[in-house]
Structure formats: C-alpha cells, structure tokens
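One structure is given below, encoded as structure tokens.
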Amino acid sequence: MEKECINADIKLNPQQEAAAQYSGSAKSLLIMAGAGCGKTRTIIARTSYLIRSGVDASRILMMTFTNRAAREMKMRLQSEVGPVSHKVQAGTFHAFCLRIMRRIPNSFGILGLNVIDVDDQNALMSLVRRRRLGKKAKEIGKLMPKAAQLNRYYSYCRNTCQEPMDWLNHNSELNQEFIRLCSDMFAEYQKTKLERGYLDFDDLLAVFGSVLEQKTALRKDIARLFEECLVDEMQDTNPLQFKILQQFSREGVRLFCVGDPAQSIYRFRGANFEHVYLFDKLFPNSEIMMLSKNYRSYQEILDLSNWLLNRSPLDYKNKLIAHRGNAGRNPGLIDFDSQFEEASWIAVLVRTTYDAKPIEAEFIQREIPYVFIGGTSLLKSAHVRDILALLRTARSFDDDLAWMRYLQLWPGIGPKTAEKIVSAIMASNAKNALEVLVKQLGLGHPAVIGYKNVMAASPVPQKAVESAIQTLAPVLESRYDRWHLRLKDLELIATVSERYKSVVEFIDAFTLEPMTNTEFNRLEAEDVVTLITVHSAKGTEAPICFVAGAKQGTYPHVRSIGELESEEEERRVLYVAMTRAKNELFITRSTDNRSGFWMTNSSAEGEEYFLEDVPQNLVAHKIEGWSPYVASGLTSLKDVY
C-alpha cells in the first residue's frame with residue numbers, strides 16, 4: 001500500500017505532497033489533476049503550507065468559479081489552520097474584481113456599481129434594439145436576433161476578446177448590413193450601461209482587466225497585495241480571466257493553478273482549455289506536475305473513462321489510477337427500445353434539461369422523491385425578482401430598472417406613471433428618493449411605506465429581506481398562482497440572507513451566482529434521488545450514477561458533429577459524467593428520437609458516436625435483477641445520481 005505523507009493534519013500521497021510543498025525556483029505551477037484526484041485537498045494543503053511557512057494569510061488569494069467552491073475551501077482551510085484562515089481572500093473571479101472596484105471606484109473610472117443580471121441586460125438590450133431598428137422594426141425586426149441572442153453574441157465576443165464584427169462574420173449567417181447593425185447595438189448598449197452606472201457580469205472582468213493593463217502603477221499596487229494566487233479549475237478560464245492572471249504574474253505574484261483539460265466543458269462561455277496545454281509557454285519559469293491517483297471511483301469505471309479519452313486525437317496527458325482498486329464488476333451499458341422503457345429503469349445524470357423530462361414524469365408516476373439540479377435559476381422567478389427590485393432601490397437610489405419594476409407592482413401605477421416618478425427620482429440631486437416618493441404618491445401609499453421600512457431595516461440583510469417580503473406579500477399573492485410555494489421560496493431567501501453582512505453583499509452574491517429552485521429546496525430535502533445535468537454535476541460525486549440518454553446524436557450532440565473542437569468538448573462532457581460515479585456506473589440509451597440503429601449498425605459515414613465500439617471487456621451489457629437498494633449496500637435514495 002502506498003505510503004501517505006503528512007502536511008500538517010492533511011494526509012497526502014507523494015504527488016500531492018510534492019505539489020503542496022513545492023519550494024523550487026518556478027514562479028508558476030500547474031497541477032494537472034484528473035477527476036477525483038484530490039485537487040481541493042491539494043489546494044488546501046498548499047495554502048496551509050504557505051501559512052505555516054510564514055506567508056501572511058491576507059496576501060494569499062484563492063480564485064474559484066463558484067461561490068460554493070469558495071465557501072467549501074474556506075471551511076476546510078479553517079479546520080486546518082484555524083481563525084487565521086479568515087484572512088485568506090477566496091472567491092470567484094467576478095466577485096474578486098467587484099470587491100476591488102468597490103474599494104477604489106474612481107481608479108476604474110466607473111460611475112456606478114450596480115451589477116445587473118441577465119434579465120436586466122436583456123431589458124436594456126431590448127431598449128437599444130428598438131431605438132436602432134426604429135421605423136424599420138416591422139420590416140427587418142423578425143430577421144434580426146432578439147435581445148437575449150444579441151447579449152449572448154456580445155458576451156461571448158467580450159469573454160474571448162474578439163471584435164464583434166469579425167466574430168459575427170465568421171460565426172453567424174447575418175448579412176453585412178445586419179452585422180453592422182448588431183455592432184452598433186453593442187456599442188450603444190455599452191454606452192447606455194455606463195451612463196446609468198450599471199455593470200454586467202462581463203464588465204466586472206473586462207473593466208478590471210483593461211484598467212490594470214493601461215495603468216501600470218495601479219496594477220503594481222493591486223498585485224503587491226498578494227504573494228500567491230491559487231486558481232481552481234484552470235481549464236475553465238476564458239481569455240479575460242486569463243489576462244488578469246497574466247498581469248498578476250507579470251508583477252511577481254506566484255501562481256498555483258490546478259486544472260484538468262479533460263474536464264473543460266464550458267467552451268460555450270468562452271473557456272479555453274489550451275490555457276492548460278500551453279501553460280509552460282504562456283508563463284515563463286513554470287513547472288507542470290501531475291495528480292493521477294483517483295480516490296473516488298473503482299478502476300473499472302476509470303478504465304472506461306480512460307478508454308474514452310484515449311480515442312481522442314488530442315493528448316489529455318493523464319491516465320487515472322484507482323486508489324480503491326477493482327470492484328469486480330464493470331460499468332453497465334444498457335440498451336432499451338424506447339426512452340420510456342429507459343426512464344422506467346433508471347434514476348439519473350442527464351445531458352440537458354430536455355433529456356430529464358421523461359425521467360421526471362416516471363419519478364412522479366412512481367412517487368419517487370427527487371430534486372432536479374440544472375433547472376431554472378431562482379433569480380429568474382418573477383416573485384423573487386420583485387423582492388430583489390425593492391432591495392435594489394434601498395441599495396442604490398439611481399437604479400432605475402429596479403424602481404420601474406417595484407413601482408409597477410402596485411395597482412394604479414402603470415409604465416407611464418412609474419417612468420414619471422423614476423425620472424423625478426433620477427433628477428433629484430438630493431439623493432433622497434423617499435422625499436420624491438412622498439411628493440409623488442403621498443405619505444400613506446404602501447409603496448412609500450414599504451420603501452421606508454426596507455431602508456430602515458437595510459443595515460441587517462435578513463431584516464431587510466423580511467421587510468421586503470412583508471411589504472410585497474399582499475400584492476404578490478394577488479398577482480401569482482401557487483402562492484404557498486412561492487412564499488416558501490421567499491422564506492428560504494430570507495434564511496440564506498442571514499449569511500451576509502450587508503444588503504449590498506447579499507444582492508451581489510445572489511446576482512453573481514443565483515441558486516436554482518431545486519438547489520434551495522435541496523437544503524431541506526432528505527431522502528431523494530438527484531436528477532442533474534452534467535454541467536451542474538461537475539465537481540460532485542455519488543455512489544451510484546446513471547448517465548441517461550447516451551445515444552447517437554447526444555454524445556456528441558448532433559449540432560457539434562463535424563467540428564473537432566466542438567466534438568472534443570462533447571467527449572469531455574461524457575467523461576465528466578462517467579467520472580462522477582464512486583461505486584457503480586450505468587450508461588443507458590434508447591433507439592428512438594434520432595438515435596439510429598447503433599445496436600446493430602455502425603454510425604453513418606462521417607458521423608461520430610463515442611460509445612459505438614466500446615470494448616466488451618470494459619462494460620456489462622445486461623444487469624440481472626439489479627436494485628438500487630441492494631447494490632453497494634445502498635440504504636438511501638439520496639446516494640443515487
């Protein structure tokens with residue numbers, strides 16, 4: 001059995017120890033960590049080692065891609081080094097940039113720090129779109145992309161540092177007139193945001209990065225705050241995020257980056273896994289180290305996952321070895337005649353929300369308790385956005401989008417009246433919205449009373465949220481159906497708000513990384529099956545995993561076929577799905593819905609299917625008498641993906 005080494009109280013294998021306790025001459029380290037190889041353990045051990053070696057904890061920065069990951073790391077670090085862990089700065093790239101810009105807004109030349117979410121972005125883009133189309137709206141409006149699509153185009157261009165006109169020329173079917181029109185809309189949208197003091201998610205990275213690039217003294221001052229920057233999920237960085245890391249590195253900040261190119265599945269957001277492949281070329285004086293011992297799965301699951309990657313024309317540079325050894329059983333590859341037969345047998349990890357629908361129906365019919373993760377963001381729910389609108393007016397008097405939403409909730413206040421009131425609030429340089437509201441609506445109007453109460457409660461986030469709920473509950477109950485369920489959502493939000501020190505911090509956190517409805521509900525769930533999309537499952541695990549709908553046209557998705565980068569992203573999606581399983585893995589597929597005749601015939605010429613020629617020795621094609629309650633000693637539904 002392999003010897004385990006000790007770093008403080010953390011048990012490490014030799015590969016992990018070499019990475020965590022590295023003290024060589026390289027200024028930048030890349031730790032290539034395969035699925036289940038203890039990357040979080042290694043990051044925590046590295047941070048602990050730095051602190052115990054005398055590095056000031058406040059000069060250590062941990063960059064993650066989700067607030068959940070940041071919270072987990074801080075909790076684990078605290079258990080290792082104690083209260084000093086609170087000095088370590090840990091958070092997402094977006095949250096870090098926002099935190100710095102809030103401290104010194106003038107240095108970044110921004111007029112306001114009201115972060116807007118996707119729905120607000122779409123509302124602004126819709127306004128710009130209507131202005132630009134003008135009288136041509138009826139003539140060409142149906143041919144022009146809608147606001148949401150325009151925002152997706154613009155966001156991708158910004159995150160990948162591409163000129164919109166160039167990108168649209170190569171990646172859209174729009175003609176030159178429409179491409180110029182789109183480009184004009186993007187420019188006006190950006191100008192409108194800045195004039196109103198709004199920042200969208202992309203601005204947080206773009207403004208921060210560009211200002212650091214232009215202002216050498218500011219870049220040096222900010223970089224001087226940190227000695228070491230630890231980056232989780234390096235393969236998910238997009239060019240904007242990568243530029244920030246390069247600027248830090250240029251000023252002498254040491255980088256400790258953990259990543260796995262085989263788990264890069266966010267290309268649609270601009271992620272570039274070549275940042276991992278080309279790390280030693282992009283960062284001078286760097287070293288690459290490997291973590292290949294998997295602590296999650298049995299070897300049979302890893303053999304199938306390794307086989308999938310070995311079929312790729314790319315070299316993923318890591319072959320996983322199971323610390324747990326063999327289980328004595330292969331993953332199941334189960335064929336069905338229809339998706340309904342498939343759904344009646346399983347419970348499940350799915351490619352998309354659409355793929356989950358027949359399985360959800362089966363769960364409901366059989367009265368199997370479940371949660372679905374990867375669904376609608378709670379922030380997109382109208383009743384939640386109504387509460388946040390009131391909170392946003394308390395945060396900032398000049399948030400006109402929030403004012404328009406809040407005022408129009410009240411009977412008798414339509415768009416024109418609301419716009420009149422908002423214009424008066426914006427025009428009042430006294431920055432006292434309450435005086436304007438009283439003048440416009442009267443002291444006894446419920447909208448005035450509600451705003452006044454929330455302002456009074458705003459020093460304590462939970463009290464502010466509870467006050468907002470109390471204010472709006474009567475009007476929302478008359479507006480929306482299934483009020484008892486919606487009220488439960490709001491009560492959960494009030495509970496979550498207790499974690500935050502200020503209303504500003506709560507709104508920022510909730511806007512930057514909103515939870516889904518089912519993620520909130522899961523806080524109270526006990527014994528349930530987890531139905532989850534692969535992208536949402538990244539970074540998680542379960543004793544038993546079912547990868548459902550793994551048919552031709554899904555892996556790879558039919559829209560990606562014929563384009564190498566897209567197909568390889570799809571291969572990595574399937575790899576991530578497979579490597580979530582700890583004890584048992586079942587892959588199911590059916591022949592209906594365009595899946596073809598993969599059971600008897602090979603794929604059509606030129607059409608890839610990842611599971612077409614799986615070696616017989618890697619899978620079991622028939623599972624006799626399998627039951628989730630007897631497999632692996634399972635006693636609870638909550639152990640099933």
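Note that the structure is predicted; figures quoted are calculated from it, not measured. If you read the sequence from its start, that first residue is 1, and numbering goes on from there. Values reported hereafter were calculated over all heavy atoms of this structure, with side chains retained and with hydrogens, waters and symmetry mates removed.
No hydrogens or angles considered: nothing links the side chains of Glu569 and Tyr266 as a donor-acceptor pair under 3.5 Å. With 3.5 Å as the limit, one finds a donor-acceptor pair spanning the side chains of Gln190 and Tyr154. Using modelled atom types and a 3.5 Å distance limit, the side chains of Asn159 and Asp202 yield a donor-acceptor pair. Side-chain N/O atoms of Arg250 and Gln247 include no donor and acceptor closer than 3.5 Å. Looking at Asn169 and Gln176, their side chains do bring a donor and an acceptor atom within 3.5 Å of each other. Defined by atom type and a distance below 3.5 Å, a donor-acceptor pair is missing between the side-chain atoms of Thr64 and Glu233. For the residue pair Tyr316 and Arg572, a side-chain donor N or O sits within less than 3.5 Å of a side-chain acceptor on the partner. With 3.5 Å as the limit, one finds no donor-acceptor pair spanning the side chains of Tyr153 and Asn171. In summary, the side chains of Ser126 and Asn122 do not present any donor paired with an acceptor at a separation below 3.5 Å, with no hydrogens or angles considered.
With a 4.5 Å cut-off on side-chain heavy atoms, Pro261 and Tyr277 count as touching. Side-chain contact check for Arg329 versus Glu300: every heavy-atom pair is 4.5 Å or farther apart. A heavy-atom distance below 4.5 Å is not found between the side chains of Tyr189 and Met185. Taking 4.5 Å as the limit, some side-chain heavy atom of Glu568 sits within range of a side-chain heavy atom of Ser312. Using a 4.5 Å cut-off on side-chain heavy atoms (C-beta onward), Val258 and Phe256 make contact.
For the atom pair Leu143 CG and Phe178 CZ, the distance stands at 4.5 Å (nearest 0.5 Å). Note that CD of Gln235 and CG of Leu30 are 9.5 Å apart. Values are rounded to the nearest 0.5 Å. Between the CG atom in Asp119 and the CD atom in Gln121 there is a gap of 9.0 Å [rounded to 0.5 Å]. The OG1 atom of Thr160 sits 14.5 Å away from the CZ atom of Arg269 when rounded to the nearest 0.5 Å. With values rounded to the nearest 0.5 angstrom, Ser264 atom OG is found 12.5 Å from Tyr575 atom OH. Between Leu240 atom CG and Leu205 atom CG the span is 5.5 Å, to the nearest 0.5 Å.
Shown here is Lys243, whose NZ atom has no more than 12 heavy atoms of other residues, nucleotides or ligands within 6.0 Å.
Of the candidates Thr47, Leu230, Asp232, Asp232 is the only one forming a side chain to side chain contact (heavy atoms under 4.5 Å, CB included) with Met73.
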Output, in order, the C-alpha distance, side-chain angles, deciding distance and verdict of side-chain contact (heavy atoms from CB on, under 4.5 Å) for Ser28 and Cys257. CA-CA 8 Å; Ser28 299; Cys257 303; over 6 Å; no
Could you walk me through whether Asp200 and Arg158 pass the salt bridge (charged side-chain N to carboxylate O under 4.0 Å, His left out) test, one step at a time? CA-CA 12 Å; Asp200 63 24; Arg158 298 188 74 195; 3.6 Å; yes
So Tyr555 and Val547, side-chain contact (heavy atoms from CB on, under 4.5 Å) or not? Walk me through it. CA-CA 11 Å; Tyr555 292 106; Val547 180; 4.1 Å; yes
Could you go step by step and tell me if Leu245 and Val231 meet the side-chain contact (heavy atoms from CB on, under 4.5 Å) rule? CA-CA 9 Å; Leu245 295 178; Val231 184; 3.7 Å; yes
Go through it in stages, so that I can follow the logic: the residues are Arg324 and Tyr295, the test is side-chain contact (heavy atoms from CB on, under 4.5 Å), and I'd like the CA-CA distance, side-chain angles, deciding distance and then a yes or no. CA-CA 7 Å; Arg324 303 171 69 190; Tyr295 290 86; over 6 Å; no
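A centroid separation of 6.0 Å or more is found between the aromatic rings of Phe65 and His94. Not less than 6.0 angstrom separates the ring centroid of Phe201 from the ring centroid of Phe93.
A cation-pi arrangement is absent between Arg589 and Tyr609, since the terminal nitrogen or guanidinium carbon is not both under 6.0 Å from the aromatic centre and inside a 45° cone about the axis.
A salt bridge does not link Glu17 to Arg41: none of the charged nitrogens lies less than 4.0 Å from a carboxylate oxygen.
Taking the six-membered ring for Trp and thresholds of 30 and 60 degrees, Phe268 and His535 have ring planes more than 60 degrees apart, a perpendicular arrangement. Classification of the Phe226-Phe248 ring pair by plane angle, with boundaries at 30° and 60°, yields parallel.
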